[in-house]
Amino acid sequence: MTSTASEAQQGRAPGERPPSWQQRLRRFGYVPRPVIGLRERLVPPYSRPGTQVWRVLGVPPVLAGHLVRWAAWGGPLLVALVAGLLRFWHLGSPKAVIFDETYYAKDAWALVHQGYEGQWPKDVDKTILADPSSVQVPVEPGYVVHPPVGKWVIGLGEHLFGFTPFGWRFMVCVLGTLSVLMLCRIGRRLFRSTFLGCLAGALLAVDGLHFVMSRTALLDQVLMFFVLGAFGCLLIDRDRSRRRLAAALWTDDEGVLRPDAGIADRLRLGWRPWRIAAGVCLGLACGTKWNGLYILAAFGLLTVLWDVGARRTAGAVRPFLTVLKRDVLPAFVSTVPVAVATYLVSWTGWFAGKDGYYRNWADGRKGLSPDHVSLPLLGDVPLPQFDMTWVPAVVRSFWHYESEVYSFHVNLTSGHTYESNPWSWIVQGRPVSYFYESPKPGQEGCPAKVTSDCAQEVLALGTPLLWWAACFAVLYVLWRWAFRRDWRAGAIACGIVAGWLPWFFYQERTIFLFYAVVFVPFLCLAVAMMIGAMLGPPDAHERRRVAGAVGAGLLVLLIVWNFIYFWPIYTGQTLPIDEWRDRIWFDTWV
């Protein structure tokens, strides 16, 4: 058979080129990816919202145009307003010292009055609630195992509104509300979509764990705020450095931006203030709780890899070597030393005074370690002492204090009713009860007609449907990063891993589910990204878009309903015992 006859049998004219594999797959619905220009790859444009929704609502075209332009800030501010109203509603209730507020509220009050934490007497909580003006700040220093930044934040609220539940919860609630606004803007910059950014913020607004932590004077919510702030600063720095690269590249006669190996290899990206701001945020995170150190390491690696990707896109032949020569040292200097300096400044109250715990430990000592240590069976064993008198005594005292705190944390293995394994966090296996009372019938809102005591609880439980959706979203993000090389997915995964993975190395330690609040914003970003995929691309078939919108809308509505359903046990409302049991879905929640 001749080649001409063979081509005729295959339905092609003589001499016509056979179809490419992409063309063959078109009959099965394959659509090739659009070619994206270099400028768009370096600095992706924001999607332009349409006015169709406003037209359906009967809004005049001129006003609709203004609303679209204002959406970039108007949408996030509206979401944050709703989140703030929810969080500040009856913030002083329950009027009690709940869970670890018994440590941080009192330590914060001592810090703002004398610059160091005091040794509080037992059973002083009742006196504080009854008459805070009668409580004297203890002069004797207290041994505390967390740095002071978070307590300074709590203390600012107490300074403004007094030594009351509202006062010590106020600033944490402010940071919780601001974090919703930040996440909306971060999501908008990450996805280049105002809708997806606001969706991520709205999901954070209705997450039960974030909600409860926003209404409780604990340190982890403060840590989350600074971690999220650092991520946002690095994201802005990424856009600005890539815009600088794009501006330095040359444009051909047709106006198309072209890569240039020489420029990509030699260009210095100059002053990067947003990366310094990220270093300050990370220093404040470490100054709140030490697990901020893991975030510092992860985010430092992330920003360097972003530089590698930018220089590769701009045309660098050996982008890793170029970044090693041009960017690694500036990235290190603008984050690690800045974070360390910020951490040390946060201890100003301890350094400036003479009465802080271990403040005078080095007086009369030559070394950095105690004179002896007590060992099992051996009793007191002397330790070798090296002459370190050339180091200022205050520095040696501070080093000793930090080493004692580290020893405390790694050896904290005493059991607790609500401790949990980090494996169970993502499915909300063991939430923490911050407050529980059993009002009698006819008292404290308990209906007089009930036959048994009611229940009043504040349960640090993430909105279950949101977290269970996040299980699939995390898998989607990992797939997207591994197989599509989507930098956005990699950034989200970095935030989750940095906040979650380190706890797997301390599984014998006493740890709690509420530590997971640090990476809750990144889970919300992952769910928002998954919902964006459910909605489909803008050029998808109408039936595909409708099906995606219905599925995504149903998921979001179920998450909001789930938050509303658990609202009474997030806010300490009094419930008949049967209604309380209806909300305790698993035995491990008790």
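Numbers for residues simply follow the sequence, beginning at 1. For the numbers below, each heavy atom of this structure counts, side chains included, while hydrogens, waters and symmetry mates do not. Treat the numbers as computed from the prediction; the structure is a model and nothing was measured.
Considering only residues two or more places apart in sequence or on other chains, Trp467 meets the ring-ring contact (aromatic ring centres under 6.0 Å, His included) condition with none of them. Arg87 is linked by a salt bridge (Lys or Arg N to Asp or Glu O under 4.0 Å) to nothing, counting only residues two or more places apart in sequence or in another chain.
Separation of atoms OG (Ser93) and CZ (Phe166) is listed at 12.5 Å; rounding is to 0.5 Å.
Defined by atom type and a distance below 3.5 Å, a donor-acceptor pair is missing between the side-chain atoms of Thr463 and His210. A donor atom on one side chain and an acceptor atom on the other are found under 3.5 Å apart for Arg188 and Thr194. No side-chain donor from either of Trp152 and Ser346 sits under 3.5 Å from a side-chain acceptor of the other. Judged purely by distance below 3.5 Å, without hydrogens or angles, the side chains of Gln221 and Thr216 never pair a donor atom with an acceptor atom. Side-chain polar atoms of Trp290 and Tyr343 form a donor-acceptor pair below 3.5 angstrom.
A cation-pi geometry, defined here as NZ or CZ lying under 6.0 Å from the six-membered ring centre and within 45° of its normal, does not hold between Lys289 and Phe226.
Although no hydrogens or angles enter the test, the distance criterion places a donor-acceptor pair under 3.5 Å between the side chain of Arg242 and the main chain of Leu42.
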Task: Residues Thr303, Arg275; criterion side chain to side chain donor-acceptor pair (under 3.5 Å); working and verdict - done: CA-CA 9 Å; Thr303 187; Arg275 197 146 65 178; 3.2 Å; yes

TODO: Go through the steps for Trp500 and Phe504 under the test ring-ring contact (aromatic ring centres under 6.0 Å, His included), then give the verdict.
DONE: CA-CA 8 Å; Trp500 187 17; Phe504 288 92; 5.6 Å; yes

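Here the closest non-hydrogen pair linking Pro147 and Cys286 is CG-O, 3.5 Å. Of all heavy-atom pairs spanning Val172 and Ala217, the tightest one is CG2-CA, 4.1 Å.
In this structure, Asp486 does not pair ionically with Arg484, as no charged nitrogen and carboxylate oxygen lie closer than 4.0 Å.
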Which donor-acceptor pairs under 3.5 Å do the side chains of residues 557-569 make with protein atoms, sequence neighbours left out?
from: Asn562; atom 1: OD1; to: Leu465; atom 2: N; distance (Å): 2.9
from: Tyr565; atom 1: OH; to: Asp582; atom 2: O; distance (Å): 3.3

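The side chain to side chain contact (heavy atoms under 4.5 Å, CB included) test with Arg169 singles out one residue from Val174, Leu218, Ile98, Thr164, and that residue is Ile98.
Here the side chains of Val227 and Phe299 are in contact, with some heavy-atom distance below 4.5 Å.
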